[in-house]
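Here is the structure we will look at.
Numbered from 1 within each chain, the chains take letters A, B, ... in sequence-line order.
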Number of protein chains: 2
Amino acid sequence: MIFSENDKFKPIMKEEEKLMERQTITIYDVAREAGVSMATVSRVVNGNPNVKPATRKKVLEVIERLDYRPNAVARGLASKKTTTVGVIIPDVSNIFFSSLARGIDDVATMYKYNIILANSDGDDQKEIQVLNNLLAKQVDGVIFMGMHITDALRGEFSRSKTPVVLASSIDPDDQVGSVNIDYKSATKEAVQLLADHGHQNIAFVSGSLLDPINGKERLIGYKEALQENELKYTEGLVFETKYEYKSGEQLAERILNCGVTAAYVVDDELAVGLTNGLTDRGIKIPEDFELITSNNSLLAEIARPSLTSISQPLYDIGAVSMRLLTKLMNKEEIDEKTVVLPHTIIQRDSTKA
Amino acid sequence: MIFSENDKFKPIMKEEEKLMERQTITIYDVAREAGVSMATVSRVVNGNPNVKPATRKKVLEVIERLDYRPNAVARGLASKKTTTVGVIIPDVSNIFFSSLARGIDDVATMYKYNIILANSDGDDQKEIQVLNNLLAKQVDGVIFMGMHITDALRGEFSRSKTPVVLASSIDPDDQVGSVNIDYKSATKEAVQLLADHGHQNIAFVSGSLLDPINGKERLIGYKEALQENELKYTEGLVFETKYEYKSGEQLAERILNCGVTAAYVVDDELAVGLTNGLTDRGIKIPEDFELITSNNSLLAEIARPSLTSISQPLYDIGAVSMRLLTKLMNKEEIDEKTVVLPHTIIQRDSTKA
DNA sequence: TTGACATATGCAAGCGTTTTTATTTCTTTT
DNA sequence: AAAAGAAATAAAAACGCTTGCATATGTCAA
């Protein structure tokens with residue numbers, strides 16, 4: 001009895017049933033319901049103008065009714081574009097990089113891209129592995145952040161057809177795009193300001209000097225500034241350490257022992273550590289010691305005393321990098337693959353007025 | 001003449017040419033070169049054990065030689081798994097969320113997933129839009145961070161078959177997974193500590209009370225602590241503001257005018273702002289004013305005085321959320337969809353010893 | 001040996017789109 | 001009213017892989 005009733009309904013419900021049971025509505029379902037071909041539905045979905053308004057309307061209604069959502073994976077396979085870009089970042093939880101990341105994502109969203117975010121810890125191995133992984137996922141482009149670009153990595157970059165932009169990272173030969181500030185000049189200005197205040201022993205506090213941004217840009221700027229002020233360059237005043245709060249704190253003692261009275265620091269976290277370390281030892285900033293940091297992140301503002309800083313427009317570097325990448329992906333004409341953004345120095349309380 | 005020469009070579013070079021010219025090596029190329037079927041290559045690539053070792057070796061060699069990389073998009077279409085999860089985050093550049101994100105990505109990597117990161121600014125509209133976008137990209141799961149879950153959003157969650165985990169966000173009915181600490185107890189303990197030090201007027205400084213985490217958890221804990229100490233609850237001591245450094249600074253004046261001598265603050269950035277604002281007005285912390293913050297991020301450590309804080313294990317919350325999501329995606333048995341991680345209070349210099 | 005099973009491999013049908021090519025339907029123009 | 005061209009639509013072949021099913025090969029006990 002029950003069975004026969006069910007059977008009676010079966011043929012009638014067949015189509016509806018199909019829709020209910022199948023978890024995913026496809027372009028084919030829409031086409032059938034709207035009485036057009038898949039091609040037409042595709043055109044409607046993609047905003048192709050070659051569709052009669054009446055047809056468009058009809059299709060749109062069915063899409064609405066069935067709650068159809070195009071499958072981006074199938075699209076990606078057919079069109080060979082994923083509208084996704086890979087972002088390789090040393091560490092998202094570092095405010096310097098996360099500021100860049102935010103700029104990247106905002107512009108990405110603006111151009112209808114999504115970002116796949118992958119942490120590398122700045123590890124050469126992981127960077128390559130992560131890059132290959134992203135390429136396997138068919139990202140349309142890659143934004144790379146990292147202090148240091150190995151030959152192996154550069155090799156991978158050029159081996160693939162996928163466009164790459166370096167955000168706040170320096171590459172000797174500019175095969176790929178990149179967005180930076182002029183680190184050499186910025187450093188020079190900062191050190192100049194310190195020299196103007198009469199300091200004789202100005203420290204250069206940095207991460208690894210092997211990283212081109214430190215060794216080939218900032219250090220040069222530091223040296224030039226010293227030279228122009230007739231100050232002698234001493235290796236003893238160059239401190240190579242990690243980009244960590246703790247490292248900065250620990251450095252305080254050593255730095256004081258060298259008779260240093262001013263420092264240029266390449267990283268905010270490090271700079272805050274040093275500031276706190278000095279303050280804890282009774283040093284008055286800026287009276288007894290002046291200090292300039294480099295990233296103008298929230299940390300520079302929050303620290304007490306607040307820190308005078310080079311202002312790298314972090315968000316903007318990210319945003320411009322992504323914008324550049326969109327052009328590259330779009331095969332547009334690029335006037336200049338390497339863009340240099342302006343920097344300034346924000347005076348706060350870690351230097352005298 | 002030239003033409004005929006070319007023609008002569010064509011048949012000979014045909015296969016090689018194909019390989020050179022076609023930018024992408026496919027599974028088909030590997031199969032042909034190795035003299036096996038695509039299915040076998042697929043099995044090798046996917047580590048399926050049903051392949052004779054000799055065959056496996058041969059295929060692997062060809063893969064190596066041709067530098068073949070499986071196309072994850074095609075794989076995704078065929079297998080209906082993308083090994084990608086979506087992460088909806090209010091703002092990556094906020095250290096609270098980026099700490100969570102780092103935990104998420106590390107565990108994701110561990111389980112061979114990638115994350116698509118999307119900023120929502122905590123905006124209800126954007127959250128839904130971003131979610132739909134991620135679902136269109138066929139992510140295998142979603143991790144959501146946000147202060148506040150609208151009905152619309154909850155609707156989208158339950159409408160899709162894709163598993164969702166809330167990281168450090170509260171949902172009344174637990175249809176989806178979530179990972180948190182016990183905000184009520186944590187707040188209660190913090191306020192209790194302040195009360196123990198004899199404070200009569202303890203402020204509750206928060207973001208929007210409409211966010212369940214504030215209004216339904218923390219505020220309750222605050223009230224309970226007051227009650228147990230026979231202190232009267234006054235609306236005037238509840239401050240609702242934004243999670244921003246500036247807001248905290250500006251709050252200092254108002255808070256002093258209310259005769260407050262201690263505060264529990266729900267966000268580190270806000271807390272540092274308040275601390276600096278108070279200090280700038282000559283208030284001595286902790287002698288004249290005690291303060292406890294909530295996230296134990298780097299900021300709490302960096303601030304001077306350093307801030308006593310509830311320690312939410314941010315990284316762990318992210319990591320556990322992702323781990324939970326892997327189980328959900330894998331359809332494993334889950335003992336408990338809602339996991340509550342332990343918290344502690346880290347005493348620093350913004351409270352008396 | 002042979003039959004019975006297990007193991008290894010191949011075949012081909014999807015997966016849900018885009019896109020090229022072909023076809024149909026409208027407009028014009030004369 | 002017919003021819004020609006433009007506009008709208010349909011048909012079907014990719015895209016690069018996975019996977020169920022069929023087939024082939026190998027192994028062992030009887």
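You'll find that the side chain of A:Ala39 is closest to D:dA11, out of D:dG16, C:dT18, D:dA11. Nearest nucleotide to the side chain of B:Asn46, out of D:dC17, D:dT18, C:dT9: D:dT18. Distances from the side chain of A:Ser37 to the nucleotides D:dA10, D:dA8, C:dT19 place D:dA10 closest.
Protein atom CG of B:Asn50 is 13 Å distant from nucleotide atom C1' of D:dG20, rounded to whole Å. What separates CD1 of B:Ile25 from C1' of D:dC17 is a distance of 15 Å, to the nearest Å. Separating the NZ atom of A:Lys81 from the C1' atom of D:dC15 is a distance of 14 Å, rounded to the nearest angstrom. Residue B:Met38 contributes atom CE, which lies 9 Å from atom C1' of C:dA12 at whole-angstrom precision. Distance, B:Arg43 CZ to C:dA8 C1': 8 Å, rounded to whole Å. Taking atom CG of residue A:Asn48 and atom P of nucleotide C:dT19, one finds them 10 Å apart after rounding to whole Å. Per the geometry, CZ belonging to A:Arg75 stands 5 Å off P belonging to C:dT18, to the nearest Å. As a whole-Å value, the separation of B:Leu77 CG from D:dC17 C1' is 8 Å.
At the phosphate of D:dG16, OP1 or OP2 sits under 4.0 Å from a side-chain N or O atom of A:Lys80. When the side-chain nitrogen and oxygen atoms of B:Ser42 are compared with OP1 and OP2 of D:dT19, none of them lie within a distance under 4.0 Å. For C:dT18, the OP1/OP2 oxygens have no side-chain nitrogen or oxygen of A:Tyr28 closer than 4.0 Å. Of the side-chain N and O atoms in B:Asn71, none sit less than 4.0 angstrom from OP1 or OP2 of D:dC15. Checking the phosphate oxygens (OP1, OP2) of D:dC17, no side-chain nitrogen or oxygen of B:Ser79 falls inside 4.0 Å.
Using modelled atom types and a 3.5 Å distance limit, the side chains of B:Lys137 and B:Thr82 yield no donor-acceptor pair. For the residue pair B:Arg69/A:Asn132, the side-chain donor-acceptor check at 3.5 Å is satisfied. Under 3.5 Å, the side chains of A:Gln125 and A:Asp123 contain no donor-acceptor pair of N or O atoms.
At most 12 heavy atoms of other shown residues, nucleotides or ligands fall within 6.0 angstrom of atom CD in A:Glu64.
If you check every strand for non-hydrogen atoms under 4.0 Å, A:Thr40 touches sugar and phosphate atoms only. The residue A:Arg69 sits close only to the backbone: its heavy atoms come under 4.0 Å of sugar-phosphate atoms, none of a base. Among the protein residues, B:Val36 comes within range of the sugar-phosphate backbone only, with heavy atoms under 4.0 Å from sugar or phosphate atoms but none that close to a base.
A salt bridge links B:Arg159 and B:Glu156; the closest N-O separation between the charged side-chain nitrogens and carboxylate oxygens is under 4.0 Å.
Here the CD1 atom belonging to B:Ile143 is positioned 13.0 Å from the CD1 atom belonging to B:Ile116, to the nearest 0.5 angstrom.
In terms of modelled atom types and a separation under 3.5 Å, the side chain of A:Asp105 and the main chain of B:Asn119 share a donor-acceptor contact. Formation of a donor-acceptor pair under 3.5 Å by the A:Thr150 side chain with backbone atoms of A:Leu153 is found in this model.
Note that the two end axes of the helix from C:dT1-D:dA30 to C:dT30-D:dA1 enclose an angle of 40°, each drawn from 5 base pairs, rounded to 10 degrees.
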